[in-house]
Amino acid sequence: MDLLPILLVLLSAFSSIQAVTPANSKLFREYIGAEFKGVRFSDVPINSKVEVHFILSFAIDYTSSSSPSPTNGRFKAYWDEDNLSPSHVSATKALHSNVKVCVSLGGDTIRGQPAFFKPRSINSWVSNAISSITKIAREYDLDGIDIDYEHFDADTNTFAECIGRLLSHLKEQKIVSIASIAPYDNDSVQPYYLALWRKYGHLIDYVNFQFYAYDKGTTVSQFLDHFETQSSNYRGGKVLVSFGTDGSGGLSPENGFFEACSKLRHEKKLHGIFIWSADDSKKAGFPYEKQSQSFLASTK
């Protein structure tokens with residue numbers, strides 16, 4: 001009996017199993033610059049044993065007037081550029097080989113008003129967005145792009161096509177290598193991201209799910225249930241766990257966040273941790289950034 005074909009089949013099956021075996025990650029991400037509190041990259045602790053992504057917040061396609069209005073994909077920097085400039089990016093990367101810098105698009109508000117996703121047409125928005133984001137990405141030597149629109153004046157398909165085509169171009173042209181989305185569990189928000197995921201999920205590396213948008217007082221078991229629900233929604237995606245240092249909701253470090261992370265790590269489901277935000281953490285001296293990175297760096 002010729003055993004070679006059988007061995008080849010078994011080897012192929014084993015390789016397939018190995019390919020889909022889940023693995024934990026040592027990825028730490030943090031939003032920075034949205035609240036103009038003077039925080040710099042150099043203020044934030046950086047553990048050399050983890051991969052650190054700073055996410056500049058935000059680039060917004062709105063005018064900078066006292067009464068801002070949408071500009072149909074012409075993005076401008078609306079983060080604290082004085083303290084988070086291109087030279088700050090290059091200096092930080094030169095000092096830390098484990099650091100990458102991304103930019104987040106949209107955000108919640110501009111000058112206290114909701115920042116809407118409001119394209120005039122798919123083609124015109126995509127064309128403007130490609131041009132303006134490419135310019136910002138090259139100026140800042142960015143590695144990635146994050147999508148964090150939270151208000152919409154368009155249908156779900158328009159959002160999916162605009163963002164999907166933008167991501168396709170930026171990745172194909174190697175303008176950025178990383179793409180993430182930042183949804184949360186809200187009926188006026190999540191359907192847009194699920195539509196994008198269904199059509200263009202293959203382009204999205206991380207789901208920065210805003211678990212801090214859940215109620216304050218979330219328990220460990222509730223948090224783990226939420227994680228399973230969202231992992232099912234974004235099936236096949238790397239859903240990152242998160243908390244806020246701004247007093248928002250969800251599961252806080254004091255109430256068991258790292259206990260939940262330990263459980264996920266044991267199940268090989270811990271794809272990374274992100275925090276909103278460095279601006280809010282500055283006053284306390286970044287204790288949870290240190291704890292998060294130490295946790296990720298440990299091999300337990």
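- What you find for Gly237 and His271 is that their closest heavy atoms are O-NE2, 4.3 Å.
- To the nearest 0.5 Å, atom CZ of residue Arg165 and atom OG of residue Ser127 are 12.0 Å apart.
- Note on ring orientation: taking the six-membered ring where Trp is involved, the planes of Phe274 and Tyr212 are perpendicular (angle over 60°, cut-offs 30° and 60°).
- At least one donor-acceptor pair under 3.5 Å links the side chain of Thr245 to the backbone N or O of Ser277.
- Within the 4.5 Å cutoff, no side-chain heavy atoms of Phe41 are placed close to those of Glu30.
- Side-chain contact annotation: Ser248 with Asp246, donor-acceptor N/O pair under 3.5 Å present.
- Residues Ser242 and Phe223 share a closest heavy-atom pair of O-CE1, 4.1 Å.
- Side-chain polar atoms of Lys26 and Asn47 form no donor-acceptor pair below 3.5 angstrom.
- Taking the six-membered ring for Trp, His226 and Tyr214 have ring centres closer than 6.0 Å.
- Cluster annotation: Val39 and Val89 are assigned to the same hydrophobic cluster (Ile/Leu/Val/Met/Phe/Trp/Tyr, side-chain heavy-atom contacts under 4.5 Å, transitive).
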Go through the steps to decide whether Leu142 and Leu56 satisfy the test side-chain contact (heavy atoms from CB on, under 4.5 Å), and finish with yes or no.
CA-CA 10 Å; Leu142 298 179; Leu56 296 166; 4.0 Å; yes
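- Under the salt bridge (Lys or Arg N to Asp or Glu O under 4.0 Å) rule, Lys37 has a single partner from Asp280, Asp43, Asp279, which is Asp280.
- Ring pair Phe152/Tyr193 is perpendicular by interplanar angle, where above 60° counts as perpendicular and below 30° as parallel.
- Nearest heavy atoms, Thr63 versus Ser67: OG1-O, 4.2 Å.
- A donor-acceptor pair under 3.5 Å links the side-chain atoms of Arg111 to the main chain of Ser64, judged by distance alone.
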Run the side-chain hydrogen bond (donor to acceptor under 3.5 Å, both in side chains) check on Tyr184 and Gln230 step by step: do they pass?
CA-CA 9 Å; Tyr184 60 97; Gln230 301 311 330; over 6 Å; no
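- Using a 4.5 Å heavy-atom cutoff, the side chains of Lys93 and Asp143 are in contact.
- A continuous path of hydrophobic side-chain contacts links Val176 to Phe54 [ILVMFWY only; heavy atoms under 4.5 Å].
- Note: His53 and Tyr206 have perpendicular aromatic rings, judged against thresholds of 30 and 60 degrees for the angle between ring planes.
- In this structure, NZ on Lys76 lies 10.0 Å from NZ on Lys135, to the nearest 0.5 angstrom.
- Interatomic distance, Phe286 CZ to Ser281 OG, rounded to the nearest 0.5 Å: 6.0 Å.
- Counting heavy atoms from C-beta outward, His202 and Tyr200 have side chains that approach closer than 4.5 Å.
- If you chain together hydrophobic residues whose side chains sit under 4.5 Å apart, Phe116 and Phe75 never meet in one group.
- A heavy-atom distance below 4.5 Å is not found between the side chains of Trp197 and Pro183.
- A cation-pi contact, defined as under 6.0 Å to the ring centre and within 45° of the axis, links Arg265 to Phe295.
- When the options Asp146, Ile32, Ile181 are evaluated for a side-chain contact (heavy atoms from CB on, under 4.5 Å) with Ser104, the one that passes is Asp146.
- Ring pair Phe117/Tyr149 is perpendicular by interplanar angle, where above 60° counts as perpendicular and below 30° as parallel.
- Shown here for Ile110 and Tyr62, the closest heavy-atom pair between the two residues is CD1-CB, 3.6 Å.
- Side chain to side chain, Asp225 and Gln222 fail the donor-acceptor criterion of an N or O pair below 3.5 Å.
- In this structure, Trp276 and Gln210 have side chains that are not in contact, with every pair of non-hydrogen atoms separated by 4.5 Å or more.
- Listed for the Ser124 side chain is no donor-acceptor partner under 3.5 Å among the backbone atoms of Pro119.
- For the pair Cys261 and Ile273, the tightest heavy-atom approach, listed with the atom from each and the gap, is SG-CD1, 4.1 Å.
- Under the 4.5 Å side-chain criterion, counting only non-hydrogen atoms from C-beta, Leu251 is not in contact with Phe211.
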Dump the intermediate steps for side-chain contact (heavy atoms from CB on, under 4.5 Å) on Asn98 and Ile46, then the final yes or no.
CA-CA 9 Å; Asn98 59 319; Ile46 296 172; 3.7 Å; yes
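- Formation of a donor-acceptor pair under 3.5 Å by the Lys118 side chain with backbone atoms of His151 is not found in this model.
- Note: Gln173 CD to Lys171 NZ = 14.0 Å, rounded to the nearest 0.5 Å.
- Here OG of Ser292 is found 11.5 Å from CG of Leu27. Values are rounded to the nearest 0.5 Å.
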So Val101 and Leu84, side-chain contact (heavy atoms from CB on, under 4.5 Å) or not? Walk me through it.
CA-CA 11 Å; Val101 180; Leu84 302 164; over 6 Å; no
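- When atom types are taken as modelled, the side chain of Asp205 and the backbone of Ser180 share no donor-acceptor pair closer than 3.5 angstrom.
- In the hydrophobic clustering of ILVMFWY residues, with side-chain heavy atoms under 4.5 Å counting as a link, Ile178 and Val239 come out apart.
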side-chain contact (heavy atoms from CB on, under 4.5 Å), that's the test. Do Lys263 and Lys269 meet it? Break it down for me.
CA-CA 9 Å; Lys263 291 179 184 293; Lys269 295 177 181 177; over 6 Å; no
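- Residues Tyr234 and Val189 fall within the same hydrophobic cluster, defined by Ile, Leu, Val, Met, Phe, Trp and Tyr side chains chained together at heavy-atom separations under 4.5 Å.
- Checking Phe36, Tyr140, Tyr31 one by one against Trp79, the ring pair (Phe, Tyr, Trp, His ring centres under 6.0 Å) holds for a single residue, Tyr140.
- When all heavy atoms of Ala278 and Val44 are compared, the closest pair comes out as CB-CG2, 4.2 Å.
- Glu150 and Asn186 are not linked by any side-chain donor-acceptor pair at a separation below 3.5 angstrom, with hydrogens and angles left out of the test.
- Looking at Phe209 and Leu240, their side chains never come closer than 4.5 Å, going by heavy atoms from C-beta outward.
- Two residues are said to be in side-chain contact when any heavy atoms from C-beta on lie closer than 4.5 Å; Ile175 and Ile145 fail this criterion.
- Atoms OG1 and OH, from Thr158 and Tyr192 in turn, are 9.0 Å apart once rounded to the nearest 0.5 Å.
- Just one residue in the list Ile204, Asn208, Ile163 forms a side-chain contact (heavy atoms from CB on, under 4.5 Å) with Ile147, and that residue is Ile163.
- At distances below 3.5 Å, not a single donor-acceptor pair connects side-chain atoms of Thr134 with backbone N or O atoms of Ser131.
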